[in-house]
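Here is the structure we will look at, set down as structure tokens.
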Amino acid sequence: MSSDFEGYEQDFAVLTAEITSKIARVPRLPPDEKKQMVANVEKQLEEAKELLEQMDLEVREIPPQSRGMYSNRMRSYKQEMGKLETDFKRSRIAYSDEVRNELLGDDGNSSENQRAHLLDNTERLERSSRRLEAGYQIAVETEQIGQEMLENLSHDREKIQRARERLRETDANLGKSSRILTGMLRRHETLYRGRTNRLRMDEA
């Protein structure tokens with residue numbers, strides 16, 4: 001199983017490296033190429049998310065006592081994914097601003113109010129992204145705790161079932177021993193009656 005996880009890790013590393021390179025290039029490309037690059041990055045981000053989901057499923061199959069190391073690595077990858085999405089949002093904002101200036105014939109010298117408004121929107125997006133990342137992390141941790149609880153309950157159920165089986169075996173053995181003892185007592189009583197009768201006949 002760990003080999004599957006490591007394979008997903010390698011794919012994720014290669015894919016995120018490509019995404020990082022493309023995000024850095026977006027603001028410097030001509031409009032037509034920018035549009036195509038943005039669409040390409042969006043597609044690759046979806047692929048990266050799917051890889052994270054596969055890795056998450058693999059981690060859930062790992063026994064709890066060995067899961068800690070993989071869980072830490074998953075947290076790191078999810079943080080990296082969140083940073084990529086934030087960088088991409090910033091790149092798209094810059095891209096959208098340039099397209100707007102071209103359509104309006106703006107020479108690129110925005111007013112101070114426009115700059116302040118853009119910065120304010122960027123900060124709001126960053127805060128929203130951080131809240132989403134924190135909420136997602138809490139959801140993941142809650143799901144992991146629930147999974148561990150279910151596994152513990154499953155182990156407890158197996159222990160109870162084994163205990164019941166041992167009790168049934170003990171009951172069966174006790175029943176067998178009881179039948180043996182009953183037979184022995186009956187034979188003893190029969191022998192005792194036989195001896196008593198012979199003594200009485202001899203005395204007569």
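Keep in mind it's a predicted model, so treat the numbers as computed, not measured.
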_side-chain hydrogen bond (donor to acceptor under 3.5 Å, both in side chains) partners for K83, two or more places apart_ = D87
_Euclidean distance, Q54 CD relative to E50 CD, rounded to 0.5 Å_ = 8.0 Å
*So how far is it from T16 OG1 to L84 CG, rounded to the nearest 0.5 Å?*
6.0 Å
*Measure the spacing between CE of M37 and CD of E42 and express it to the nearest 0.5 Å.*
12.5 Å
*Tell me, yes or no, whether the heavy-atom count around D32 atom CG, taken from other residues, nucleotides or ligands under 6.0 Å, exceeds 12.*
no
*asked:* Between D4 and M55, is there a side-chain heavy-atom distance shorter than 4.5 Å?
replied: no
_Regarding E33 and R25, does a basic nitrogen lie under 4.0 Å from an acidic carboxylate oxygen?_
no
_Under a 3.5 Å distance rule, please check whether S21 uses its side chain to pair with a backbone N or O of E18 as donor and acceptor._
no
*List the atom of K78, the atom of D56, and the distance in Å for their closest heavy-atom pair.*
NZ-OD2, 3.1 Å
_Interatomic spacing from CG in L57 to CG in L52 - rounded to 0.5 Å_ = 11.0 Å
*Search all heavy atoms of V59 against all heavy atoms of M74 and return the closest pair with its distance.*
CG2-CG, 3.7 Å
*Aromatic ring pairing Y77/F5, orientation class (parallel under 30°, perpendicular over 60°, tilted between)*: tilted
*Mind checking the NZ-CD1 spacing from K89 to I23? Nearest 0.5 Å is all I need.*
11.5 Å
*Once you round to the nearest 0.5 Å, how far does NZ of K34 lie from CZ of R28?*
10.0 Å
*Heavy-atom check, side chain of V38 versus side chain of F88, under 4.5 Å*: yes
*asked:* So that I can tick it off, tell me whether E85 and K49 are bridged by a salt bridge, with the cut-off set at under 4.0 angstrom between side-chain N and carboxylate O.
replied: yes
_side chain to side chain contact (heavy atoms under 4.5 Å, CB included), that's the test. Do Q44 and K22 meet it? Break it down for me._
CA-CA 10 Å; Q44 287 189 314; K22 290 177 180 178; 3.2 Å; yes
